[in-house]
Amino acid sequence: MIVCIVAVVIILILVGVIIMMMRAQNTVGEAEAKKEKRPVVVLPENAEEVAEQIFSDDEESEGVPLSYQVTMNSTWEFEDGKSESSNAYVANSKDNETPVYFDVVRNDTQETIYQSPVIPVGQDLSSITLDQDLDAGDYECTLTYHLIDEEQNTLTTVNMWVMVQVKN
């Protein structure tokens with residue numbers, strides 16, 4: 001019985017941390033307008049209070065998906081900096097709730113090297129040509145998904161690591 005209670009508390013803690021991180025990311029464009037709140041460390045002593053805050057019906061979280069299924073490959077290969085990738089693939093699963101678009105930013109220079117079109121729920125994108133001509137090499141990048149509403153307002157974001165490999 002105690003093991004079950006501990007397991008439930010651990011699950012609540014993990015869910016709480018994930019949701020708090022998603023809420024923190026949701027404030028990307030609002031940081032200049034108001035002071036950003038930081039996530040709270042979830043402990044057994046405050047798990048119930050944090051869960052209450054997370055699942056309360058406040059206006060900020062209305063319409064924000066609580067989960068997002070990422071479907072992509074993590075290494076994209078390009079023959080050269082101007083050619084279409086031979087293997088880049090990103091899908092917006094039919095199990096997701098909102099359309100999505102994404103940006104790919106080089107980790108070393110913070111330059112945006114690709115901006116996708118909007119991908120509707122249940123659709124995918126595989127014809128990817130970089131917006132920037134890169135020299136041969138490997139580039140560690142961050143792919144930021146923007147989960148959007150009907151007016152293309154960002155509800156929240158999800159960041160993923162991707163390696164861009166340019167052969168020639």
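All heavy atoms count here, side chains included; hydrogens, waters and symmetry mates do not.
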Chemist: Please list all pairs passing the salt bridge (Lys or Arg N to Asp or Glu O under 4.0 Å) test where one or both residues lie in residues 139-161, with sequence neighbours left out.
Modeler: none
Chemist: What heavy-atom pair brings Leu130 and Gly81 nearest, and what distance separates the two atoms?
Modeler: CB-O, 4.4 Å
Chemist: Under 4.5 Å between any side-chain heavy atoms of Val104 and Leu143, yes or no?
Modeler: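 The answer is yes, as the side chains (C-beta and beyond) meet within the 4.5 Å cut-off.
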Chemist: Under the salt bridge (Lys or Arg N to Asp or Glu O under 4.0 Å) rule, what pairs show up with a residue in residues 123-138, not counting sequence neighbours?
Modeler: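 Residue pairs passing salt bridge (Lys or Arg N to Asp or Glu O under 4.0 Å), neighbours aside: none found.
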Chemist: Strictly by salt bridge (Lys or Arg N to Asp or Glu O under 4.0 Å), give each pair with a member in residues 68-95 just once, sequence neighbours left out.
Modeler: none
Chemist: Taking ring pair (Phe, Tyr, Trp, His ring centres under 6.0 Å) as the test, write out the residues that go with Tyr139, two or more places apart.
Modeler: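 Per chain and number, Tyr139 pairs via ring pair (Phe, Tyr, Trp, His ring centres under 6.0 Å) with no residue.
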Chemist: Please find the pair of heavy atoms, one from Cys141 and one from Asn107, that lie closest to each other, and give the distance.
Modeler: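 Minimum heavy-atom separation between Cys141 and Asn107: C-OD1, 3.4 Å.
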Chemist: Specify the closest pair of heavy atoms between Thr112 and Val105, including all atoms of both residues, with the distance to one decimal.
Modeler: OG1-CG2, 3.7 Å
Chemist: Rounded at 0.5 Å granularity, tell me how far OG1 in Thr154 sits from OH in Tyr101.
Modeler: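 Rounded to the nearest 0.5 Å, the OG1-OH separation comes to 3.5 Å.
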Chemist: Could you pull out the closest heavy-atom pair between Ala88 and Ile128, with the gap in Å?
Modeler: CB-CD1, 3.8 Å
Chemist: Closer than 3.5 angstrom, by distance alone: can the side chain of Ser116 be matched with the main-chain N or O of Phe102 as a donor-acceptor pair?
Modeler: yes
Chemist: Kindly indicate whether the side chain of Tyr145, heavy atoms from C-beta on, has any atom under 4.5 Å from the side chain of Asn92.
Modeler: no
Chemist: Show the nearest heavy-atom pair for residues Ser126 and Tyr89, with the distance to one decimal.
Modeler: CB-CD1, 4.1 Å
Chemist: Could you name each residue pair satisfying salt bridge (Lys or Arg N to Asp or Glu O under 4.0 Å) that touches residues 105-114, not counting sequence neighbours?
Modeler: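 Output for this query lists Arg106-Asp108, Arg106-Glu111.
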Chemist: Got a second to check how far Met163's CE is from Thr75's OG1, nearest 0.5 Å?
Modeler: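 The OG1 atom of Thr75 is 6.5 Å from CE of Met163, to the nearest 0.5 Å.
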Chemist: Assign the ring pair Trp76 / Tyr114 to parallel, tilted or perpendicular, where the plane angle (0 to 90°) is split at 30° and 60°.
Modeler: perpendicular
Chemist: How would you list, by chain and number, every residue that makes a ring pair (Phe, Tyr, Trp, His ring centres under 6.0 Å) with Phe78, sequence neighbours excluded?
Modeler: none
Chemist: Any side-chain heavy-atom pair from Leu147 and Glu97 closer than 4.5 angstrom?
Modeler: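 No, their side chains stay 4.5 Å or more apart.
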Chemist: Sub-3.5 Å donor-acceptor pair from the side chain of Asn96 to the main-chain atoms of Val121, do we have one?
Modeler: no
